[in-house]
Amino acid sequence: MPINILDRSKAVILTPSGLQSQQIDQVMNQLLSAKVDMADIYFQSSHHESWVLESGIIKEGSYNIEQGAGIRAICGDKTGFAYSDNIELATLLEAANNVKAIVRQGQNAYVAIKSPTTCPHYYPTANPLKSFSDQQKVDLLRRVDSETRKLDTRIEEVIVSLSGVYEHVLIANQDGSLVADIRPLVRMNVSVIIEVKGRREQGSMGGGSRTDYHYFINNDTALNYGKEALRQALVNLEAIDAPAGNMTVVLGPGWPGILLHEAIGHGLEGDFNRKGTSAFSGKIGERVASSLCTIVDDGTLENRRGSLTIDDEGTATEKTVLIEKGILKGYMQDKLNATLMKDRLTGNGRRESYAYLPMPRMTNTYMLAGEHHPDEIIQSVKKGIYAKNFGGGQVDITSGKFVFSTTEVYLIEDGKITSPVKGATLIGNGPDVLTKVSMVGNDLELDSGVGTCGKEGQSVPVGVGQPTLKIDGLTVGGTNV
Amino acid sequence: MQNSEQIESFKNQVQYALDEAKKQGASAAEVALSTSNGLSVSARLGDVETIEHDCSQGLGLTVYFGQRKGSASSTDLSLKSIQATVKAACSIAKFSNEDKFSGLPDPELLATEFPDLELNHPWAIETEHAIKLAIECEQAACNFHPEISNSDGATINSHQGIKIFGNSIGFLHGQQATRHAISCSVIAQRSDDMQTNYWYSVVRNADDLENGIEIGKKAAKRALERLGSHQLTTRNAPVLYSPEMASSLLASLMGAISGGSLYRKSTFLLDSLKTQIFPNFVHIHEQPYLKNSLGSAAYDGEGVATRNHDIVADGILKSYLLSTYSAKKLGMQTTGNAGGVHNLTIDSGSDDFNALLKKLNTGLLVTELMGQGVNCMTGDYSRGAAGFWVENGEVLYPVDEITIAANLKDMFKNLVAIGNDIDTRGNIRTGSILIEQMSIAA
């Protein structure tokens with residue numbers, strides 16, 4: 001890690017509270033006066049802004065500052081945790097005292113802070129909130145609004161939102177390491193409501209990355225969100241009732257990779273497997289997908305929404321192979337679960353903020369490209385559906401059942417994409433859905449940077465991706481029985 | 001510091017923020033401050049797993065310059081930070097546009113009476129005692145039956161919060177409330193079939209908590225019932241929602257009649273006021289002044305007095321759910337629902353759960369729902385589900401990996417019956433709800 005990231009993070013987080021590096025030692029020593037196996041202090045400062053345009057006017061904006069520290073001690077599989085929005089020494093010492101109560105006796109030796117090791121950085125460290133003036137931000141929103149409205153006179157409403165986050169984190173570990181990260185994140189969304197002959201439909205498109213607001217003007221990205229939102233609204237206007245039942249489903253490339261996130265990703269997180277509560281528990285080395293499927297979780301992709309230089313425990317992220325040619329290869333781990341499972345760290349220890357405990361979470365999860373041209377895949381289907389875009393999804397880790405909801409979907413009849421149908425929920429069983437993958441496209445795409453994953457009440461930004469996929473049998477929840 | 005002194009001190013900070021907004025040129029402002037302190041303890045496989053101490057605070061404010069507005073928030077309550085937060089909001093207001101509908105509520109609508117709703121019941125629970133309760137609850141579940149093979153643990157938590165709200169037209173009020181909960185989740189296993197289920201109790205007063213051992217047993221029983229599910233075939237059938245799932249139907253109704261959906265015309269219930277949206281026997285109303293309840297409040301998110309009022313009477317939609325802004329957009333008056341509803345209740349008759357099973361006769365009992373799958377604009381509904389297949393009023397076997405689909409407009413119109421097995425744990429109070437017919441895909 002470049003030293004200046006550490007110094008800058010200290011200056012942003014510690015200096016305003018008058019906290020010195022040596023005082024972090026003092027808090028750590030307080031934690032380690034009990035015999036803990038692991039301890040950390042997570043400092044975070046987060047600045048977030050958002051702007052919303054609706055009915056042609058800049059309707060509202062907000063600026064939010066969150067700052068605090070979370071203190072954790074682990075002994076075996078037991079965790080003590082406290083957090084505070086106040087990072088003054090006395091508060092931190094009291095919190096440390098509460099936290100170490102998880103351990104009864106003994107004492108640990110503490111090593112003084114070491115000099116940081118270096119690791120590659122996957123995104124810029126400049127403040128995205130300052131990459132545009134406020135005037136430029138509102139001008140961008142207005143331009144997207146007016147250009148989108150010009151596309152079609154039937155547009156009733158355009159809603160454009162822009163948001164940015166600038167975050168500094170500083171992590172002190174009981175081994176004496178002190179590491180930092182500076183994380184930018186920007187996001188934009190355009191929704192279009194259209195009315196034709198009394199029927200109203202909505203389309204929505206957005207994206208983002210760990211860069212700054214220039215991302216949205218390069219290559220007309222923001223204007224294209226407007227075009228795409230309109231296109232989806234128009235498609236939905238034509239949609240007929242969706243079919244109901246088990247059928248062949250072709251998933252488009254990119255965001256439909258939410259399938260992988262729900263069907264297998266969560267089930268391969270270390271905590272569920274350590275506890276034996278996942279439908280994938282104890283299946284390492286077994287076939288869980290067709291041999292066409294190789295799936296990775298990769299936190300190292302430059303500027304991606306799900307990427308991290310280090311996770312929230314200070315571990316460098318990596319490209320972890322989860323499934324290789326259909327065989328389950330490994331889990332995603334944080335420190336607690338890797339230690340208890342005697343597994344290696346994968347840089348997946350993440351938390352929503354200092355106010356929450358870290359746990360194994362995905363970064364960018366995607367399937368590698370296969371050999372088929374997407375047209376060949378469609379042509380191979382006599383009767384089924386082509387699902388091009390999705391809303392959200394959900395999974396029951398233990399039973400393996402998962403759902404994800406289509407927002408743009410078409411019938412496939414005799415090898416051709418025909419009529420659009422209404423959004424429907426697809427449901428399947430994680431451990432066997434990928435065994436039914438019979439064709440994989442050569443068109444791997446990552447999503448546009450919109451994913452947010454929720455687990456145990458904590459939200460973190462993630463990415464997904466996949467090539468076009470053919471699944472021989474998935475339940476489609478339409479109304480047309 | 002005593003709690004009453006603490007409230008006064010926080011009120012002073014809110015007043016300071018209001019004064020600061022005025023000083024920085026704002027013509028109006030509103031400020032909300034909240035704090036929460038709590039303990040959360042979880043146990044798994046008979047031993048403590050985590051102990052968490054929470055301590056959070058935050059201040060959020062909106063400033064108006066005429067009819068331009070800006071908002072900001074911070075977790076730092078120091079006076080210096082409050083000044084900076086006001087400044088950030090003012091800076092945003094400069095770049096927002098005049099919105100002729102924006103502004104504070106009509107002063108006459110602000111709450112002036114603050115009855116004691118009995119929402120504050122601190123629980124002086126020691127960590128050791130919480131650990132003991134969590135272990136008892138979890139062990140009651142684990143020891144319930146040999147097929148309970150694993151556990152996601154049991155959790156005890158207890159929180160006390162303070163909320164202060166003030167605006168520049170003279171409203172300033174503070175209140176305290178507590179919330180205590182016990183929950184348990186365990187796994188039942190029969191060969192490869194693993195099923196998880198849970199049960200919980202959440203209350204304002206710890207004396208009202210359901211017994212932890214009973215919660216554990218109920219979680220175990222619910223997980224065991226899920227074992228051995230059958231494959232259903234695709235069909236149309238009547239569907240009975242258990243009370244826990246039925247509340248999601250009312251949540252969809254709330255979304256469809258909320259001000260934002262209405263003025264954006266993004267709801268299937270557009271222009272439905274004073275029209276029949278449910279059968280005659282359906283009556284849905286708001287009860288903000290229920291004592292000792294989770295959804296109770298004397299005023300909404302803008303300080304507007306809440307009131308007992310009908311949302312649906314005799315099946316006819318009587319009121320939308322509006323804030324000051326959405327009401328002005330629609331040319332109406334706020335309904336005191338800025339921030340949501342307060343104890344939304346659907347009345348039931350004499351049918352208990354068994355009577356509803358008899359009325360269902362042959363169809364699906366839904367006890368779990370997955371995914372979003374509700375399109376508020378069109379009313380199209382398609383969600384993942386699990387539950388039980390019922391024939392001749394008898395529960396036959398569990399079913400899962402199915403979806404249920406219909407259009408909410410039809411589902412509301414074809415609501416057949418509401419049970420008196422009311423779940424009072426949330427802000428929406430309903431019993432089981434029977435819908436005449438839906439499409440089931442398997």
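Per chain, numbering begins at 1; letters A, B, ... match sequence-line order.
Between the A:Thr398 side chain and the B:Gln195 main chain, no donor and acceptor come within less than 3.5 Å of each other. B:Ser382 contributes a side-chain N or O that, together with a main-chain N or O of A:Gly477, makes up a donor-acceptor pair within less than 3.5 Å. Counting only distance, with no hydrogens or angles, the side chain of B:Asn97 and the backbone of A:Ile58 share a donor-acceptor pair below 3.5 Å.
Side-chain contact between A:Asp396 and B:Thr196: present, with at least one pair of heavy atoms (C-beta onward) separated by less than 4.5 Å. Within the 4.5 Å cutoff, the side chain of A:Phe81 has no heavy atoms near those of the B:His53 side chain. Looking at B:Arg383 and A:Val403, their side chains never come closer than 4.5 Å, going by heavy atoms from C-beta outward. Side-chain atoms of A:Tyr63 and B:Thr85, non-hydrogen and from C-beta on, never get closer than 4.5 Å to each other. Between A:His47 and B:Ser74, every side-chain heavy-atom pair lies at or beyond the 4.5 Å cut-off. Side-chain contact between A:Phe272 and B:Asp152 is absent, with no heavy atoms from C-beta onward closer than 4.5 Å. Inter-residue side-chain proximity for A:Lys59 and B:Tyr325 is flagged as met; some heavy-atom pair is nearer than 4.5 Å.
Neither the backbone nor the side chain of A:Ile397 comes within contact range of chain B; no heavy atoms are under 4.5 Å apart. Interface residue A:Val476: only backbone heavy atoms are found under 4.5 Å from chain B. Interface remark: A:Ser278 contributes backbone atoms only to the contact with chain B (heavy atom separation under 4.5 Å). Contact annotation for B:Leu77: neither backbone nor side-chain heavy atoms come within less than 4.5 Å of a heavy atom of chain A. No part of B:Thr127 comes within reach of chain A, as not one of its non-hydrogen atoms sits under 4.5 angstrom from that chain. In this structure, the portions of B:Met370 lying under 4.5 Å from any heavy atom of chain A include both its backbone and its side chain. Using a 4.5 Å cut-off between heavy atoms, B:Phe268 makes no contact with chain A at all. The part of A:Glu156 that comes within reach of chain B is its side chain, from C-beta onward, which places non-hydrogen atoms under 4.5 angstrom from that chain. Residue A:Phe390: no heavy atom, backbone or side chain, is found under 4.5 Å from chain B. Heavy atoms of A:Leu357 lying under 4.5 Å from chain B belong exclusively to its side chain. If you measure heavy-atom distances from B:Lys87 to chain A, you find no contacts under 4.5 Å at all.
Annotation: maximal heavy-atom pairing with chain A below 4.5 Å, among B:Ser439, B:Ala441, B:Ser73, occurs at B:Ser73. Top candidate by heavy-atom pairs under 4.5 Å with chain A, chosen from B:Ser40, B:Ala405, B:Ala93, is B:Ala405. The residue among A:Thr91, A:Asn98, A:Val138 with the most heavy atom pairs within less than 4.5 Å of chain B is A:Asn98. Heavy-atom pairs under 4.5 Å with chain A were tallied for B:Gly70, B:Ala442, B:Gly373, B:Ala88; the largest tally goes to B:Ala442. With chain A as the partner, the residue from B:Gln372, B:Met438, B:Lys265 showing the most heavy-atom pairs under 4.5 Å is B:Lys265. Chosen from A:Gln202, A:Arg200, A:Gln67, A:Glu201, the residue pairing most often with chain B at heavy-atom distances under 4.5 Å is A:Arg200. Among the candidates A:Gly276, A:Ser84, A:Gly391, the residue making the largest number of heavy-atom pairs closer than 4.5 Å to chain B is A:Gly276. Between chain A and the residues B:Ile187, B:Asp192, B:Asp54, the largest count of heavy-atom pairs under 4.5 Å involves B:Asp54. In terms of heavy-atom pairs under 4.5 angstrom with chain B, the leader among A:Gly393, A:Ser399, A:Pro431 is A:Ser399. Heavy-atom pairs under 4.5 Å with chain B peak, among A:Gly68, A:Ser405, A:Ser62, A:Ser55, at A:Ser62. With chain B as the partner, the residue from A:Cys75, A:Gly428, A:Gly400, A:Ala279 showing the most heavy-atom pairs under 4.5 Å is A:Gly428.
A salt bridge between A:Lys78 and B:Asp47 is present, with a side-chain N of the basic residue lying under 4.0 Å from a carboxylate O of the acidic one. B:Asp380 and A:Lys422 are joined by a salt bridge, as a carboxylate oxygen and a charged side-chain nitrogen come within less than 4.0 angstrom of each other. Ion pair A:Glu157/B:Arg264 not flagged as a salt bridge, since none of the NZ, NE, NH1 or NH2 atoms sits closer than 4.0 Å to an Asp/Glu carboxylate oxygen. In this structure, B:Arg68 does not pair ionically with A:Glu60, as no charged nitrogen and carboxylate oxygen lie closer than 4.0 Å.
To the nearest 0.5 Å, atoms CG (B:Asp400) and NZ (A:Lys401) are separated by 4.5 Å. Interatomic distance, B:Thr234 OG1 to A:Asn480 CG, rounded to the nearest 0.5 Å: 11.0 Å. Between atom CD1 of residue B:Ile92 and atom CG of residue A:Asp134 there is a gap of 7.0 Å, rounded to the nearest 0.5 Å. Rounded to the nearest 0.5 Å, atoms OH (B:Tyr381) and OG1 (A:Thr425) are 9.0 Å apart. Note that the CG atom of A:Asn64 and the OG atom of B:Ser71 stand 8.5 Å from one another [nearest 0.5 Å]. The distance from the CD1 atom of B:Ile404 to the OG1 atom of A:Thr479 is 13.0 Å, given to the nearest 0.5 Å.
Within a 6.0 Å radius of CD in A:Glu94, other residues, nucleotides and ligands contribute 12 heavy atoms or fewer. The number of heavy atoms from other shown groups lying within 6.0 Å of NZ (A:Lys283) is above 12.
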Step-by-step side chain to side chain contact (heavy atoms under 4.5 Å, CB included) determination, B:Glu98 to A:Ile57: CA-CA 8 Å; B:Glu98 292 273 338; A:Ile57 61 171; over 6 Å; no
Verdict with supporting geometry, B:Ser56 and A:Asp85, side chain to side chain donor-acceptor pair (under 3.5 Å): CA-CA 6 Å; B:Ser56 68; A:Asp85 306 300; 4.8 Å; no
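Judged purely by distance below 3.5 Å, without hydrogens or angles, the side chains of A:Thr277 and B:Asn150 never pair a donor atom with an acceptor atom.
Taking both residues in full, the closest heavy atoms of B:Ser266 and A:Ile193 are given as CB-CD1, 4.1 Å, listed atom of the first, atom of the second, then distance. Nearest heavy atoms, B:Phe95 versus A:Gln135: CE2-OE1, 3.2 Å.
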